[in-house]
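In what follows, chains carry the letters A, B, and so on, assigned in the order in which the sequence lines appear, proteins first and then strands, with residues in each chain numbered from 1. Computation of the quantities below employed the complete heavy-atom set of this structure, encompassing side-chain atoms and omitting hydrogens, waters and symmetry-equivalent molecules.
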There are 2 protein chains.
Amino acid sequence: MNRRLALGLDYGTESARALLVDVETGEELATDVLEYPHGVMDDRLPDSGVKLEPEWALQDPEDYLLALRTLIPNVLKQANVQPEEVIGVGVDFTACTVLPADENYRPLCMDPELRNRPHAWVKLWKHHAAQEEADRMTAVAKETGETFLNRYGGTISSEWLWPKIWQVLNEDPELYDRAARFIEAGDWIVQQLTGVDARSACQAGYKGCWSSEAGYPSKEFLRALDPRLEDLVGSKVQPDVHPLGAKAGELNERGAELTGLKPGTPVAVSVIDAHVAAPAATMVRPGQLLMIMGTSLCHMALGPGDREVKGVAGVVKDGILPDFHGYEAGQAAVGDIFVWFTRHGVPASYAEEANREGKSVYDLLEERAAALRPGESGVLALDWWNGSRSPVMDSALSGMMVGVTLETRPEDLYRALIEATAFGTRRIVETLRDQGVPVDEILCCGGLAEKNDLLMQIYADVLQTELKVARSSQACALGSAMWGAVAAGAGSGGYDSIQDAAGKMAGLRPKTYPPNPAHREVYDALYAEYLTLARYFGEGGNDVMRRLRALRHS
Amino acid sequence: MNRRLALGLDYGTESARALLVDVETGEELATDVLEYPHGVMDDRLPDSGVKLEPEWALQDPEDYLLALRTLIPNVLKQANVQPEEVIGVGVDFTACTVLPADENYRPLCMDPELRNRPHAWVKLWKHHAAQEEADRMTAVAKETGETFLNRYGGTISSEWLWPKIWQVLNEDPELYDRAARFIEAGDWIVQQLTGVDARSACQAGYKGCWSSEAGYPSKEFLRALDPRLEDLVGSKVQPDVHPLGAKAGELNERGAELTGLKPGTPVAVSVIDAHVAAPAATMVRPGQLLMIMGTSLCHMALGPGDREVKGVAGVVKDGILPDFHGYEAGQAAVGDIFVWFTRHGVPASYAEEANREGKSVYDLLEERAAALRPGESGVLALDWWNGSRSPVMDSALSGMMVGVTLETRPEDLYRALIEATAFGTRRIVETLRDQGVPVDEILCCGGLAEKNDLLMQIYADVLQTELKVARSSQACALGSAMWGAVAAGAGSGGYDSIQDAAGKMAGLRPKTYPPNPAHREVYDALYAEYLTLARYFGEGGNDVMRRLRALRHS
């Protein structure tokens with residue numbers, strides 16, 4: 001029995017996945033997925049039927065445990081694997097996804113008495129109801145001159161840890177008092193497996209304003225926010241933070257019982273579901289840019305920590321790979337724009353034609369859009385259908401299209417939308433390069449990178465850079481398995497560094513997307529137009545987008 | 001036998017219509033329509049199958065004669081009317097719709113030898129293939145300082161008379177030589193009925209650069225264009241021009257035979273199909289603005305001739321009503337935008353739902369858009385889907401939308417498109433008012449005015465002016481009948497002025513659209529945004545629309 005396997009657990013927004021990987025070869029032996037039975041709860045609580053306010057998004061932690069109980073036994077059985085063959089476990093999770101728990105780490109929503117209280121449940125990353133708290137936190141941080149703001153482009157997001165906890169305090173103070181812990185769901189899974197509360201540097205850094213140099217926001221700052229928050233760190237929030245690659249602990253009896261794995265199996269500290277993809281896409285050094293291309297687009301790069309980089313959504317030392325500063329930037333909607341367009345903007349005649357030809361509406365649109373040369377659509381768009389994340393963080397910005405005529409067809413708009421997202425990415429890449437973060441190789445993963453040839457070619461042409469795609473179509477789960485192998489260490493059949501793990505377990509596809517030099521000139525011209533419009537609408541030339549949004553909600 | 005009736009003939013783009021009206025009461029006794037059997041020929045010639053170039057649009061004059069032969073006997077029969085009861089005939093026609101004819105006014109395309117020559121046929125108003133000639137004419141007129149340019153906002157349209165004739169000369173000089181006449185189709189119908197070639201001031205003024213003060217463009221100018229054009233006026237183009245309301249002639253034997261009407265019946269000089277609607281909508285004095293609301297929107301106003309008015313598409317003395325300067329402005333696409341949107345931008349799910357509920361997609365959209373309050377869509381558009389006509393004439397401008405988000409639904413876009421066209425109209429109204437052309441009452445006619453309640457209310461709210469709708473849903477044909485009654489004159493049972501005719505024959509509907517004062521503030525704010533963007537994109541702030549169009553065609 002020479003096989004050494006690592007198990008990756010990937011907790012996404014709608015489902016969880018387990019992947020069993022050969023540590024030596026990277027071969028993926030078995031995988032299984034569970035759609036969360038309770039999904040994303042944004043309308044009502046289960047059982048009690050209590051109505052939720054707009055912008056809420058909750059989850060049920062029982063779904064997470066169900067994933068442990070079913071997925072792991074399933075993959076072991078699928079691949080006919082003995083528990084001893086699994087040398088390490090890694091976990092990634094959406095973030096900031098946070099839950100209140102009692103002193104035994106039992107989520108408060110599992111208490112029958114508290115089930116009808118919305119704040120007792122898990123707040124999912126996309127719970128956006130703490131915007132007021134986020135705005136106040138940004139304002140106070142500016143007033144008191146907190147330097148952590150510089151690491152996040154000057155704005156605290158409502159998706160992050162502190163606004164979410166503060167919202168509980170403001171809206172349900174009694175429940176806040178009953179919470180012994182507010183814990184990231186990824187850390188909570190690790191705790192359920194090992195009994196250890198090992199706070200991850202990745203979540204703490206990107207979502208909790210923590211840094212290895214300065215720690216969490218100070219007592220003074222928290223008091224300035226709200227005197228009741230003063231002692232949060234060290235009481236309800238775990239103060240000890242662990243770098244990626246560290247072993248959080250080992251599977252305890254309860255964890256072994258839950259999963260069917262062997263007690264004593266090393267478990268890595270958890271990682272954000274985006275950042276975990278980096279090593280699985282062979283990202284191991286500064287100069288590489290990773291793009292995770294799905295509903296939104298996340299860009300990650302490694303670089304020097306010696307300068308401030310404006311226009312990124314976050315910079316965290318050790319946040320992507322140990323010993324490097326990890327820069328994160330993003331576009332708030334990419335795949336979501338195409339879903340929006342096919343759902344709300346493609347006429348019945350196209351649906352009928354696609355149906356007749358036995359293809360999807362996407363395929364039909366892609367076929368027709370691919371037949372257009374760059375510039376032929378006549379349409380140019382700004383890609384802010386869900387606001388802008390980088391380089392300008394402003395959720396009040398919105399989408400724009402110019403050049404539409406009576407001759408414009410759905411494929412023209414579709415192509416213009418793809419191009420707009422490509423220009424948005426080019427702007428982020430140039431923002432990084434201009435400030436000394438090197439980008440000499442672009443790695444991609446995610447659904448769009450795997451499935452959308454036209455989009456990939458347009459991105460390559462707009463960026464005039466070859467795009468490479470991660471071999472695994474489960475880069476997140478693979479990344480988790482790799483961190484599991486690193487938690488085990490070379491001595492236990494794993495690896496001592498994530499670079500070593502990447503050398504063996506990760507890889508790229510043979511098919512790449514080299515740029516078409518014939519498209520360079522037109523796309524340079526269109527990108528220049530994009531930039532002019534992005535500055536006009538996004539940076540003070542004309543604040544019409546913000547005013548339209550205000551009118552919409554007035 | 002006391003009835004006195006007038007017959008109106010209305011030649012539109014796709015069909016012709018006859019309407020029999022009681023001169024005393026305006027009662028519409030009978031009507032009939034003929035879809036032109038040959039329609040708009042924009043692909044191939046009939047019989048020969050000769051392929052047409054892009055931007056061509058031709059018609060077959062046999063269709064026009066067929067309308068005379070069938071519609072008039074039909075309406076006489078329908079209403080059980082004796083030919084003697086018809087005291088006058090009026091004709092309106094699209095313009096500039098021009099045909100080459102021999103010295104007997106036989107269209108050249110009726111010569112079997114010439115039927116395979118595209119230039120032998122009628123060039124319909126929307127034949128746009130003479131753009132090069134139009135551009136050269138504008139340029140030469142600027143160089144030589146022709147004052148007629150000032151009456152047309154500084155630009156000659158490819159739709160007008162001279163570019164169309166010049167195109168024949170440039171592309172088929174032999175056929176040009178064989179043409180004894182180039183004649184507006186409206187004047188040609190009058191000629192067919194009466195034997196008289198009575199050139200109308202309306203067409204000559206709005207489409208032929210003629211004015212009562214200065215006549216046609218000078219010999220010198222025409223020579224500067226092309227020496228071969230020097231003697232055009234007086235040879236191939238009829239030099240004598242007749243004001244609206246004049247009697248062109250009386251039905252001759254051939255005309256009586258064609259129509260079943262009585263020889264000697266007075267026939268009015270022809271009128272453009274837009275301008276003819278003015279008296280039918282009770283427009284008789286300065287201060288009234290008429291909006292003809294269909295695929296495009298045409299605005300007409302009367303005013304003082306003592307100043308230059310910028311931003312109008314044309315000003316012609318006696319061009320709408322005798323003794324006044326008639327100002328014409330327009331939006332190149334209105335109804336066409338909604339057709340475009342429902343055809344290319346409304347998803348299958350809406351089509352299915354409309355179908356299920358037994359209504360049209362328009363009705364469903366209107367229902368949902370009507371449920372939104374002003375500003376709630378969050379979307380603002382510029383309405384230049386077919387370029388801009390007034391106050392900036394530039395066919396290279398294009399549509400723009402801003403404020404689109406993942407939450408945007410088709411009804412949001414639909415409402416924003418309606419609002420954009422309303423802002424475009426408000427801009428034209430303000431352009432007129434700012435230059436001393438009074439607008440104190442707004443009259444409407446056309447399909448949109450009759451059918452689209454939501455659109456009418458939005459226009460009233462945006463303009464903060466009550467909108468009134470012409471009683472007749474056949475305002476053009478009614479207008480023609482009214483001019484027929486004026487051609488007859490009071491002595492023959494008609495009227496001596498169009499004002500007298502309007503007092504008896506025209507009227508408004510009881511239902512009007514008063515503005516909702518609660519919507520004023522939001523629409524003022526949105527209109528201010530529209531203006532800023534219209535100036536930015538249309539007047540030199542950012543010429544991206546023109547550059548995108550150039551890229552599209554490069």
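The contact list for residues 543-554 of chain B toward chain A, using heavy atoms and a distance under 4.5 Å, reads B:Val544, B:Met545, B:Arg547, B:Leu548, B:Arg549, B:Leu551, B:Arg552, B:His553, B:Ser554 by residue number.
Atom CD of A:Glu539 sits in a crowded spot, with more than 12 heavy atoms from other residues, nucleotides or ligands closer than 6.0 Å. No more than 12 heavy atoms of other residues, nucleotides or ligands shown are found within 6.0 angstrom of NZ on B:Lys451. Within a 6.0 Å sphere centred on CD of B:Glu521, heavy atoms belonging to other residues, nucleotides or ligands number 12 at most.
By the side-chain contact (heavy atoms from CB on, under 4.5 Å) test, B:Ser388 pairs with B:Trp384, B:Val392, B:Leu397, sequence neighbours left out.
The greatest number of non-hydrogen atom pairs below 4.5 Å with chain B, out of A:Ala351, A:Ala333, A:Gly403, is found for A:Gly403. Highest contact tally toward chain B, considering only A:Glu376, A:Glu407, A:Arg409, is held by A:Arg409 [criterion: heavy-atom pairs under 4.5 Å]. Interface remark: of the candidates B:Gly399, B:Gly541, B:Ser398, B:Gly375, B:Gly399 forms the most heavy-atom pairs closer than 4.5 Å to chain A. With chain B as the partner, the residue from A:Leu406, A:Val339, A:Thr342, A:Val402 showing the most heavy-atom pairs under 4.5 Å is A:Leu406. Chain B forms more heavy-atom pairs under 4.5 Å with one residue of A:Pro410, A:Ala381, A:Pro347 than with any other, namely A:Pro347.
With a 4.5 angstrom heavy-atom cutoff, A:Phe537 touches chain B only via side-chain atoms. If you measure heavy-atom distances from A:Leu382 to chain B, you find no contacts under 4.5 Å at all. With a threshold of 4.5 angstrom between heavy atoms, B:Tyr350 does not approach chain A through any atom at all. Looking at A:Asn542, the atoms closer than 4.5 Å to chain B (heavy atoms on both sides) all sit in the side chain, from C-beta outward. The part of A:Arg343 that comes within reach of chain B is its backbone (N, CA, C, O), which places non-hydrogen atoms under 4.5 angstrom from that chain.
The distance from atom CE of B:Met400 to atom CE of A:Met400, rounded to the nearest 0.5 Å, is 7.0 Å.
Counting only distance, with no hydrogens or angles, the side chain of A:Trp340 and the backbone of B:Thr408 share a donor-acceptor pair below 3.5 Å.
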